[in-house]
Amino acid sequence: MIEASILQFPSYNKFDKHLLVDFIELRCIMNLDRSIVLSELKDIFTIEDGEVNLNFDLDAASESSIADQHDRNEGLLVDLFRHMHSRQKHYDDRYPFTVKDGEIALKETLDDGHMAYLYLLLCSHLKYIAKEHHANLTSEFEYVSLKCLEKLLVEHYRIFIFGKNSKIRSDRYKGNAIRRLEILAEDLGGILRVGAADFPTTSTGDSGIDIIGWFNPWDQTKTQPVLVAQCKCSDEWPVVKDARSRLHELMHLNDEVSNYFMIPFHYRKTSNDWHNAASAGRKCLIDRERFIKSFPLEAFKECKSFALVKDFVQARLAA
């Protein structure tokens, strides 16, 4: 399931320690003994002659010596282990790894909650995952996101999949792109700013909106709390236009719109603050940690991805 490219030098920026720790977790799963010790990480992160990865080492001056570079990398590894200890603390028994004495190891006994963490970990790094599995992982991520929001929000919210690539296609929003938007505008009491001429007649696109919901238990009068959500398994999610901005481009609304962004990444520093507060601004960010603490486990167990992840991990444990 995990491609051989996981054995290559990681192509992440040093600043993105949350991604580097994910890389280590994936490498840990793939190792024969399902663990990594500090000395092995030193080998992985040591830059040998001709192996300098500029994406990884953007802050290294060209005249730096190899020895100085190794010193910096050793300091980086200390930081990465701090990050692993932080995850172990904040995920508590939901964390599928044990971190101690300069070693990270996959637990010998894994429950369904651990499978949820590993599912989000795999969704975060599709470049290391065999392409044949991408569709299941990403389409079911929208479904799991929907169920997560249903757990988080009060019972009177009505929440629907609007995205066209979800595991479960919407029974409410059907037809071509403009027809889907017409139904949505009617639901929200909005006035469309776009028309049929703005879309190809064959387009069934979702206009960048994956999940839509609203709260109105009392009557049919509009002006109500609305939520929109996007679900992104790419580490480029911070530069994606958010669903609230897109919704306001598509229609005029009197409603207040809550802006959710669902990501499978652990988007945290060692302090557990956001990795980059600016990227998390003006949206309700549901990252891996928030996801796990409200994870819709029973719904996930009905997904193909659950069986896929479980079979993969059990095969690694038996290796």
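Numbers for residues simply follow the sequence, beginning at 1.
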Can a donor-acceptor pair be found, under 3.5 Å and without considering hydrogens, that links the side chain of Asp242 to the backbone of Ser245? yes
Any residue meeting side-chain hydrogen bond (donor to acceptor under 3.5 Å, both in side chains) with His18, in chain and number order, not counting sequence neighbours: none
Listed by chain and number, what are the ring-ring contact (aromatic ring centres under 6.0 Å, His included) partners of His133, not counting sequence neighbours? none
Under 3.5 Å: donor-acceptor pair, side chain of Asn31, backbone of Ile36: no
When rounded to the nearest 0.5 angstrom, what distance separates CG in Asn176 from CG in Leu181? 9.0 Å
How about Phe23 and Phe9: do any of their side-chain heavy atoms sit closer than 4.5 Å? no
Of all residues at least two apart in sequence or in a different chain, which pass the side chain to side chain contact (heavy atoms under 4.5 Å, CB included) check with Thr109? none
Would the distance check show the side chain of Gln88 and the main-chain N or O of Val99 forming a donor-acceptor pair, the cut-off being under 3.5 Å? yes
Residues at least two apart in sequence or cross-chain that pass side chain to side chain contact (heavy atoms under 4.5 Å, CB included) with Glu236, listed by chain then number, are Ser234, Val239
Test Phe300 against Asp112 for side-chain contact (heavy atoms from CB on, under 4.5 Å), laying out the working first. CA-CA 9 Å; Phe300 175 56; Asp112 293 343; over 6 Å; no
Can you confirm whether Leu192 sits close enough to Leu184 that some side-chain heavy atom of one is under 4.5 Å from a side-chain heavy atom of the other? no
Between Leu7 and Met1, is there a shared hydrophobic cluster once you connect ILVMFWY residues whose side-chain heavy atoms come closer than 4.5 Å? yes
For the residue pair Tyr95 and His90, is the inter-centroid distance of their aromatic rings smaller than 6.0 Å? no
Listed partners of Arg94 passing salt bridge (Lys or Arg N to Asp or Glu O under 4.0 Å), at least two apart: none
To the nearest 0.5 angstrom, please state how far the CG atom of Leu285 sits from the CG atom of Asn259. 10.0 Å
Counting distance only, does the side-chain N/O of Asp255 pair as donor-acceptor with the main-chain N or O of Gln224 below 3.5 Å? yes
Under the side chain to side chain contact (heavy atoms under 4.5 Å, CB included) test, residues paired with Asn276 that sit two or more places apart: Tyr267, Ala278, Ser279
Would you say Tyr260 and Leu153 make side-chain contact, with heavy atoms under 4.5 Å? yes
At what distance, to the nearest 0.5 angstrom, does CZ of Arg244 lie from CG of Leu227? 11.5 Å
Of the non-hydrogen atoms in Ala243 and Gln230, which two are nearest, and what is the gap between them? N-OE1, 3.1 Å
Are Val78 and Phe97 joined in one hydrophobic group, where the rule is that I, L, V, M, F, W and Y side chains link up if heavy atoms are under 4.5 Å apart? no
Sort and list the pairs that fulfil side chain to side chain donor-acceptor pair (under 3.5 Å) and have at least one residue in residues 310-319, not counting sequence neighbours. none
Would you mind reporting whether Leu41 and Ile44 have side-chain heavy atoms less than 4.5 Å apart? yes
Side-chain heavy atoms of Met30 within contact of Arg27, under 4.5 Å: no
Please find the pair of heavy atoms, one from Leu106 and one from Cys28, that lie closest to each other, and give the distance. N-SG, 3.6 Å
If you look at every heavy atom in Leu253 and Gly190, which pair is closest and at what distance? CD2-CA, 3.6 Å
Would you please test Glu108 and Arg34 for side-chain contact (heavy atoms from CB on, under 4.5 Å) and show each step? CA-CA 9 Å; Glu108 290 293 332; Arg34 298 171 301 283; 3.7 Å; yes
Would you call Ile183 and Arg179 a side-chain contact if the rule is heavy atoms closer than 4.5 Å? yes
Would you find a donor on one side and an acceptor on the other, under 3.5 Å apart, between the side chain of Asn136 and the backbone of Lys304? no
Could you pull out every donor-acceptor pair under 3.5 Å between side chains of residues 115-130 and any protein atom, sequence neighbours left out?
| residue | atom | partner | partner atom | Å |
| --- | --- | --- | --- | --- |
| Tyr117 | OH | Glu25 | OE1 | 3.0 |
| Tyr117 | OH | Glu25 | OE2 | 3.1 |
| Tyr117 | OH | Arg87 | NH1 | 3.2 |
| Tyr117 | OH | Arg288 | NH1 | 3.1 |
| Tyr119 | OH | Leu137 | O | 2.9 |
| Tyr119 | OH | Phe141 | N | 3.0 |
| Ser124 | OG | Leu120 | O | 2.7 |
| Ser124 | OG | Pro264 | O | 2.9 |
| Ser124 | OG | Arg288 | NH2 | 3.1 |
| His125 | ND1 | Tyr12 | OH | 2.7 |
| His125 | NE2 | Asp22 | OD2 | 2.8 |
| Lys127 | NZ | Ser11 | OG | 2.7 |

Taking the side chain as every heavy atom from C-beta outward, state whether Cys148 and Met262 have any pair of such atoms under 4.5 Å apart. yes
Between Lys107 and His114, what is the shortest heavy-atom contact and its length? NZ-NE2, 3.9 Å
Arg193 side chain vs His248 backbone, donor-acceptor pair below 3.5 Å: yes
Can a salt bridge be assigned to the pair Arg172 and Asp187 using a cut-off of 4.0 Å between side-chain N and carboxylate O? yes
Here the gap from Glu140 atom CD to Ser145 atom OG, rounded to the nearest 0.5 Å, amounts to 11.5 Å
Going by the rule side-chain hydrogen bond (donor to acceptor under 3.5 Å, both in side chains), which residues pair with Thr98 if we only count those two or more places apart in sequence or in a different chain? none
Given Leu247 and Met251, is the side-chain contact (heavy atoms from CB on, under 4.5 Å) satisfied, shown in steps? CA-CA 6 Å; Leu247 184 64; Met251 64 183 71; 4.0 Å; yes
Closest non-hydrogen atom pair, Val144 against Phe291: CG1-CE2, 3.8 Å
Applying a strict under-4.5 Å side-chain criterion to I, L, V, M, F, W and Y, I'd like to know whether Ile263 and Val240 cluster together. yes
Sorted by chain and residue number, the salt bridge (Lys or Arg N to Asp or Glu O under 4.0 Å) partners of Asp235 (sequence neighbours excluded) come out as none
Sequence neighbours excluded, the answer for ring-ring contact (aromatic ring centres under 6.0 Å, His included) partners of Tyr157 is Phe215
Can you list the residues that meet the side chain to side chain contact (heavy atoms under 4.5 Å, CB included) rule with Arg246, with sequence neighbours excluded? Ser207, Glu249, Leu250
Go through the steps to decide whether Asn272 and Glu289 satisfy the test side-chain contact (heavy atoms from CB on, under 4.5 Å), and finish with yes or no. CA-CA 10 Å; Asn272 216 41; Glu289 185 173 325; 2.9 Å; yes
Return the CG to CE distance between Asp79 and Met84, rounded to the nearest 0.5 Å. 10.5 Å
Do you know which two heavy atoms are closest between Phe295 and Lys151, and how far apart they sit? O-NZ, 3.2 Å
Ring centers of Phe265, His275 separated by less than 6.0 Å: no
Hey, what do you get for CG (Leu297) to NZ (Lys147), rounding to the nearest 0.5 Å? 13.5 Å
